[in-house]
Amino acid sequence: MATSISLEDSITIFEKDQNSDVLMTWCFPTITEDLKSVILQRTSLLQEKISLQFSFSKFKNSWIYIYTTAVETQQTNKEDGTITQINVPDSLKRVVAFSLVLVRNQFNPEKYGSLAQIMSSVYKQTGDCSKLLECQLRVFNRGQFDVGSMGKFVDSSFDVRRSYLQTSIKDIIQLFGEEIILIWSAMAMKKRIVVYSEKLSSLLKVIRALPLFVFHRQNWNILRPFVTISDLELKDLISTGVYCAGFTDSSIKSREDLYDILVDLSSKEVSISSQSKDQFILGSFHKDILRFLLSSLEDEEVTDQHVIKGLNMKMKELLTKLESLKETNEETGKSSITLESLESRKLPNGMSTFLFNIANAEGLNG
């Protein structure tokens with residue numbers, strides 16, 4: 001059975017003990033020191049209050065899936081207050097929580113979230129890292145494994161297209177109203193987008209949907225869903241050139257050097273950085289896109305798929321017009337769209353810059 005799981009995909013365990021020390025206690029096969037440092041910052045184990053939630057993020061070309069679990073040694077009955085001791089493996093008796101981390105080369109939070117959850121259950125019950133390796137080998141060889149009450153994983157049941165559509169594009173339009181046009185423009189022109197939220201769960205839900213606005217590219221690798229402000233992570237982010245990056249640290253809002261637009265989920269506002277305002281002059285084409293997006297909210301029969309297809313059609317029409325605006329360089333013989341040639345056509349204010357950005361973003365200039 002074909003599977004996208006590779007034996008080179010790493011599984012790592014980070015543990016926090018009763019002394020609040022956090023260590024990487026197991027890894028197969030290996031990860032770099034930089035990746036280890038990044039993962040440690042992105043788990044919540046270093047925080048006083050541990051967040052028991054699943055997260056996904058990216059560093060360089062690696063997708064990082066983190067599932068954090070508490071290790072309880074006793075359970076209190078809510079009705080009578082009696083305390084029951086819980087059987088905990090010897091290897092976990094001094095551990096208060098652990099993060100199981102999967103490093104993969106593809107975006108699919110639903111698949112790897114499910115795999116990480118089941119593996120975490122196996123580890124919590126057995127404390128045996130070799131059992132995790134057994135799970136990995138079974139998926140690699142058979143495409144599935146079954147560990148009874150702890151869960152069953154079937155690789156083929158997770159279509160990546162479902163992950164693409166997990167968050168409703170209409171929900172994002174509803175969230176930002178008229179300012180959604182700035183998000184569409186930034187995505188269409190391949191500008192740098194920073195998304196800020198106090199809550200990681202809200203951040204991940206929204207940021208994963210942004211590539212839907214340019215679905216014809218089907219490029220979720222542009223996402224950096226969760227980034228901390230460490231020098232190592234910011235250096236990696238800057239090196240990518242174009243990105244949709246998510247932050248939970250409010251200091252990012254003052255870092256205009258890192259974004260063209262800032263999407264603030266806390267205030268539901270979208271702002272343009274001072275150095276990029278000339279790139280976001282809105283014209284009649286933008287107004288047409290905005291009308292289309294907002295009108296989708298008025299009709300319950302208009303699905304997410306309808307919105308995505310509509311945007312694809314409008315982009316296709318725009319690209320057809322752009323192709324007709326290409327001019328041939330007499331020296332090189334190559335056809336391209338230049339800012340000068342667009343400006344010579346006396347287009348409405350800002351339209352030349354917008355079309356030139358679109359031409360570059362869609363690869364019309366080679």
Side-chain angles (χ1 to χ4, degrees), residues 10 31-32 34-44 51 53-67 99 101-113 116 160 163-164 166-167 172 182-215 217-266 270-271 273 276 361:
S10 74
I31 57 174
T32 66
D34 279 356
L35 188 53
K36 176 183 174 182
S37 174
V38 168
I39 291 172
L40 193 54
Q41 290 295 323
R42 293 182 184 177
T43 72
S44 61
S51 176
Q53 63 177 313
F54 170 69
S55 73
F56 55 92
S57 57
K58 195 165 185 272
F59 179 71
K60 297 189 183 299
N61 294 320
S62 297
W63 284 96
I64 301 166
Y65 300 96
I66 302 174
Y67 195 93
S99 290
V101 185
L102 303 178
V103 178
R104 299 294 187 260
N105 62 6
Q106 62 177 204
F107 173 84
N108 197 326
E110 280 58 53
K111 173 198 272 188
Y112 296 115
V160 70
S163 269
Y164 291 162
Q166 192 67 24
T167 297
I172 306 303
L182 296 175
I183 295 176
W184 176 85
S185 299
M187 291 300 299
M189 295 188 291
K190 286 189 176 179
K191 295 300 182 181
R192 301 168 304 158
I193 301 175
V194 161
V195 183
Y196 165 73
S197 175
E198 297 172 351
K199 295 181 178 179
L200 180 58
S201 57
S202 301
L203 174 65
L204 297 179
K205 181 180 179 181
V206 169
I207 200 168
R208 68 182 299 172
L210 299 191
L212 293 174
F213 289 93
V214 284
F215 190 78
R217 295 177 191 157
Q218 293 203 19
N219 180 16
W220 265 254
N221 283 325
I222 198 172
L223 297 181
R224 293 293 188 275
F226 175 43
V227 185
T228 74
I229 57 170
S230 72
D231 291 342
L232 177 61
E233 293 192 46
L234 292 183
K235 183 179 179 182
D236 170 61
L237 182 66
I238 292 168
S239 71
T240 66
V242 178
Y243 48 77
C244 301
F247 293 82
T248 57
D249 189 319
S250 61
S251 67
I252 193 64
K253 293 194 273 189
S254 64
R255 292 293 305 272
E256 285 200 356
D257 58 307
L258 293 176
Y259 61 82
D260 296 300
I261 69 166
L262 170 70
V263 180
D264 189 335
L265 297 186
S266 300
V270 182
S271 54
S273 67
S276 302

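- Rounding to the nearest 0.5 Å gives a distance of 12.0 Å between CG of Asp260 and CG of Leu182.
- Under the rule for a side-chain contact (heavy atoms from CB on, under 4.5 Å), the partners of Ser62 that lie at least two apart in sequence or sit in another chain are Val103.
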Apply ring-ring contact (aromatic ring centres under 6.0 Å, His included) to residues Trp63 and Phe107 and explain how you reach the verdict. CA-CA 7 Å; Trp63 284 96; Phe107 173 84; 5.1 Å; yes
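- Under the 30°/60° scheme for interplanar angles, the aromatic rings of Trp220 and Tyr164 are found to lie parallel.
- Atoms CD1 and OG1, from Ile39 and Thr43 in turn, are 9.0 Å apart once rounded to the nearest 0.5 Å.
- A search for side-chain contact (heavy atoms from CB on, under 4.5 Å) contacts involving Ser185 returns Ile181, Met189, Phe280, Leu282, His286, not counting sequence neighbours.
- The OH atom of Tyr67 sits 15.0 Å away from the CZ atom of Phe56 when rounded to the nearest 0.5 Å.
- Counting heavy atoms from C-beta on, the side chains of Ile229 and Arg255 never come closer than 4.5 Å.
- Between Ser197 and Val206 there is no side-chain heavy-atom pair separated by less than 4.5 Å.
- Under the 3.5 Å distance criterion, the side-chain polar atoms of Arg208 are left unmatched by any main-chain donor or acceptor of Leu203.
- To the nearest 0.5 Å, atom NZ of residue Lys60 and atom CG of residue Asp34 are 6.5 Å apart.
- At a cut-off of 3.5 Å, with distance as the only test, a side-chain donor of Asp249 or Ser251 sits close to an acceptor on the other residue.
- In terms of heavy atoms, Glu198 sits closest to Ser266 at CG-OG, 3.6 Å.
- Remark: Ser230 pairs with Thr228, Leu232, Glu233 by the side-chain contact (heavy atoms from CB on, under 4.5 Å) rule, at least two apart or across chains.
- Side-chain contact between Gln106 and Lys111 is present, with at least one heavy-atom pair separated by less than 4.5 Å.
- Looking only at side-chain heavy atoms (C-beta outward), Gln53 and Ser44 stay at 4.5 Å or farther from each other.
- To the nearest 0.5 Å, the span separating OH on Tyr259 from OG on Ser271 amounts to 5.0 Å.
- Minimum interatomic distance between Ala361 and Arg217 (heavy atoms only, all atoms of both residues): CB-NH2, 3.7 Å.
- With contacts defined as side-chain heavy-atom distances shorter than 4.5 Å, the pair Ile238/Asp257 does not qualify.
- Ile261 has its side chain out of reach of Lys191: every pair of non-hydrogen atoms, C-beta onward, lies at least 4.5 Å apart.
- Listed by chain and number, the residues in a salt bridge (charged side-chain N to carboxylate O under 4.0 Å, His left out) with Asp264 are Lys253 (sequence neighbours excluded).
- By the side-chain contact (heavy atoms from CB on, under 4.5 Å) test, Ala209 pairs with Thr167, Ile172, Leu212, sequence neighbours left out.
- The shortest side-chain heavy-atom distance between Lys58 and Asn221 falls under the 4.5 Å cut-off.
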May I have the list of side-chain donor-acceptor pairs in residues 239-246 shorter than 3.5 Å, sequence neighbours left out?
from: Ser239; atom 1: OG; to: Asp236; atom 2: O; distance (Å): 2.6
from: Thr240; atom 1: OG1; to: Leu237; atom 2: O; distance (Å): 2.6
from: Tyr243; atom 1: OH; to: Leu258; atom 2: O; distance (Å): 2.3

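- Considering only heavy atoms from C-beta on, Ile252 stays 4.5 Å or farther from Val227 through its side chain.
- Taking CZ from Phe226 and CG from Leu200, the interatomic distance works out to 5.5 Å, rounded to the nearest 0.5 Å.
- What you find for Tyr65 and Asn108 is that their closest heavy atoms are OH-N, 2.9 Å.
- Across Arg192 and Glu256, no two heavy atoms sit closer than the pair NH2-O, 4.3 Å.
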